[in-house]
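Here the structure comes first, spelled out in structure tokens, and everything after it is commentary.
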Amino acid sequence: MPDRALTIVLAEDSALLREGMVGILERAGHRVIAAVEDGDALVAYVRREPPDVVITDVRMPPDHSDEGLRAAATIRETHPDVALLVLSQYVADAYLPTLLESTDGGGVGYLLKDRVGHVAEFLRDLGTVADGGMVVDPDVVRQLLARRRDDGPLSALTAREREVLSLMAEGRTNGSIAEALFVSEAAVRKHVGSIFAKLDLDPASDRRVSAVLTYLRGTG
Amino acid sequence: MSRSGTVWSSLTGNPARFLFSAWPWRSLAYLASSALVGVLVLAVFLVVVAVGVVTSILVIGVFVLATIPALGVAVGAIERRRLRLMQSPGEPALLSPHPDLTGLTLLARLRQVRKEPGSWRELGYAILLAVVLWIVDAVLVSFVATFVGGLALSPLGAAYDQVMVFGWTFDSTVEALPFALVATPIALVISAYLLTAAAAGQAALARLLLSPTEERLAAHVAELRRSRINLVDAFETERRRIERDLHDGVQQRLVALTMTLGRAEMDVPPGEGLDLVKQAHHEAEEALADLRSAVRGIHPRVLVDHGIAAAVREVADRTPIPVSVEISLDVRLPPPIEAAAYFVASEGLTNVVKHADARSGAVVAWVRDDRLVLTVTDDGVGGATVEPGSGLAGLVTRLDALGGTLEVSSPVGGPTRLRMECPCQIEP
């Protein structure tokens with residue numbers, strides 16, 4: 001059972017996947033208050049009854065391009081406290097800027113659809129997003145990493161610090177990062193502090209989210 | 001006959017060879033049939049005009065008269081066939097000045113026919129044939145027949161009556177025979193030249209009026225271009241259909257399957273059963289990853305959603321060597337052009353990885369003078385060629401249809417540079 005039961009509005013045009021996701025979410029104790037088939041219906045529903053989290057597919061009717069993203073941006077404008085989890089069928093970081101433009105804080109996730117199959121991790125990511133964190137799919141992060149250009153504040157980071165930052169972007173906790181890198185949690189905390197210092201982040205904001213945002217935006 | 005070349009060269013060439021060639025006989029056949037066709041055309045014209053004028057009090061007459069241009073087209077078709085008599089073997093048949101009208105309704109055909117300058121030239125020829133040419137031909141053929149026939153038969157005629165030819169008078173066969181033996185071959189020779197010259201002249205006139213003109217040829221070229229663009233388009237549409245089918249069908253099912261397996265993992269108690277479920281889950285994910293990369297190669301969604309720059313960057317990111325991408329285009333280009341540019345970049349980068357043994361690559365694109373230029377370069381070993389059936393050859397065809405070009409510069413030892421250039425607009 002999750003720490004808390006979330007109310008969720010789900011937008012997904014494939015009935016097959018919609019049912020599957022509803023099954024997973026409800027089994028985990030969350031409440032899917034609506035499952036809609038397109039972006040307009042999603043925006044309309046959220047306006048009527050804002051949930052804790054909106055989960056939406058990128059591509060939906062009528063044009064099957066990026067309706068889900070546009071709906072997410074609209075929702076972010078009108079309901080900044082609703083967390084957004086965007087699901088995509090493919091690794092395409094071209095969609096990321098739209099998502100990041102819509103947000104200054106956390107509460108945003110961008111995952112590949114098949115992550116839903118890793119139920120436990122998916123539910124953990126959902127929780128992170130609902131708590132105002134930020135989760136970006138590991139494959140997308142990997143792709144961004146490949147494109148990293150060495151200028152801007154990120155160039156000051158060491159290789160290890162970058163590794164830590166990319167794992168932070170995946171929405172991992174310090175404990176989980178320590179496990180992945182085979183180091184102690186204290187070492188991770190040290191790296192994180194050094195990252196915050198090097199990126200010159202405002203201590204008043206959620207620095208973890210700001211760091212990830214800087215990381216994701218600092219792409220060429 | 002192939003030795004004889006064209007009718008003109010035969011006419012002015014070796015007389016013996018000309019006289020024993022088929023040309024005089026063909027010319028005779030051409031002129032004689034001209035006379036026949038001419039009379040027939042005249043008759044049909046008269047009937048149509050008469051019926052048209054008489055019934056024009058009723059509205060139907062107008063329609064009858066409206067078919068006259070079509071008569072011209074029909075005459076044109078017959079005459080182009082008949083012209084083969086006057087063509088040397090191997091000479092290509094005359095092309096019709098009309099586009100293919102099959103599939104159109106009768107009314108649409110009439111309308112189309114009336115629009116074309118070619119039909120009016122054909123009608124002009126038909127009228128010329130009906131009013132002038134056939135009479136000339138008939139007179140000429142009958143004159144030649146009487147002339148040669150009269151001379152040849154003069155000994156026979158002299159047996160019955162007095163025969164006068166060119167001021168000579170013959171009273172008996174014996175008197176006429178030597179004359180006929182000398183004069184008939186001369187008459188035959190003269191006739192052969194006369195007939196052939198007349199037929200050749202008339203054929204030249206017919207060829208002039210009945211063949212497609214420059215404008216028709218230009219239209220033909222435009223039509224070919226259009227049909228090529230349509231082909232590329234159809235290909236692109238098909239690609240997208242396949243992409244959509246895979247994406248909305250197979251891919252969704254596989255995702256649903258991984259979800260079900262994910263749920264099963266939570267419910268199945270630890271043991272051999274759970275291990276199998278996990279293995280199945282893993283395999284389903286591998287299948288999904290394979291499918292994802294296949295779909296991406298078919299038609300990248302990012303290209304449609306975010307344009308060429310974003311799509312090329314994605315390809316560059318997947319390329320195992322560092323690739324710099326410099327693409328800044330202010331506007332989106334028409335989809336076929338974006339697709340062509342994308343495939344040049346992705347094919348180019350694929351080749352870099354496969355063959356070039358390069359350490360880095362670069363894709364640069366810009367628009368100048370309303371033309372898109374995109375280059376893919378690497379610092380590899382070079383030696384790339386556009387071989388038939390290769391991906392690059394396909395791209396050449398694709399660009400060709402859009403009015404673009406692809407240059408490959410790849411000296412052995414490198415570096416390799418692909419350069420595509422393509423108009424930013426599609427001009428049919």
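Order of the sequence lines fixes the chain letters, A, B, ..., with proteins taken first and strands second; residue numbering starts at 1 for each chain.
Counting heavy-atom pairs under 4.5 Å between each of M21(A), Q89(A), H118(A) and chain B puts Q89(A) at the top. Annotation: maximal heavy-atom pairing with chain A below 4.5 Å, among Q252(B), R253(B), R318(B), occurs at Q252(B). Contact count versus chain B (heavy atoms, under 4.5 Å) is highest, among D66(A), L112(A), I24(A), for I24(A). Between chain B and the options D13(A), D139(A), V116(A), the largest number of non-hydrogen pairs under 4.5 Å is found for V116(A).
Between R18(A) and D57(A) the shortest side-chain heavy-atom distance does not fall below 4.5 Å. Side-chain contact between P336(B) and I229(B) is absent, with no heavy atoms from C-beta onward closer than 4.5 Å. L25(A) has its side chain within reach of L123(A): a pair of non-hydrogen atoms, C-beta onward, lies under 4.5 Å apart.
Contact annotation for residues 283-295 of chain B against chain A (heavy-atom separation below 4.5 Å, listed by residue number): E285(B), L288(B), R292(B).
Applying the ring pair (Phe, Tyr, Trp, His ring centres under 6.0 Å) definition to pairs two or more places apart or across chains, none involves residues 356-382 of chain B. Within the structure, the ring pair (Phe, Tyr, Trp, His ring centres under 6.0 Å) test picks out the following pairs touching residues 301-360 of chain B (sequence neighbours left out): Y95(A)-H306(B). Pairs passing the side-chain hydrogen bond (donor to acceptor under 3.5 Å, both in side chains) check and including a residue from residues 261-273 of chain B, sequence neighbours excluded, read R27(A)-D267(B), E265(B)-H281(B).
Salt-bridge formation is not detected for the pair R115(A)/D125(A): no Lys NZ or Arg NE/NH1/NH2 atom is positioned less than 4.0 Å from an Asp or Glu carboxylate oxygen.
The contact between R59(A) and chain B is made entirely by side chain atoms (from C-beta outward), counting heavy-atom distances below 4.5 Å. There is no contact between E121(A) and chain B, counting heavy-atom distances below 4.5 Å. If you measure heavy-atom distances from V304(B) to chain A, you find no contacts under 4.5 Å at all.
Open room surrounds CZ on R31(A); 12 or fewer heavy atoms of other groups in view lie less than 6.0 Å from it.
Side chain to side chain, H247(B) and Q251(B) meet the donor-acceptor criterion of an N or O pair below 3.5 Å.
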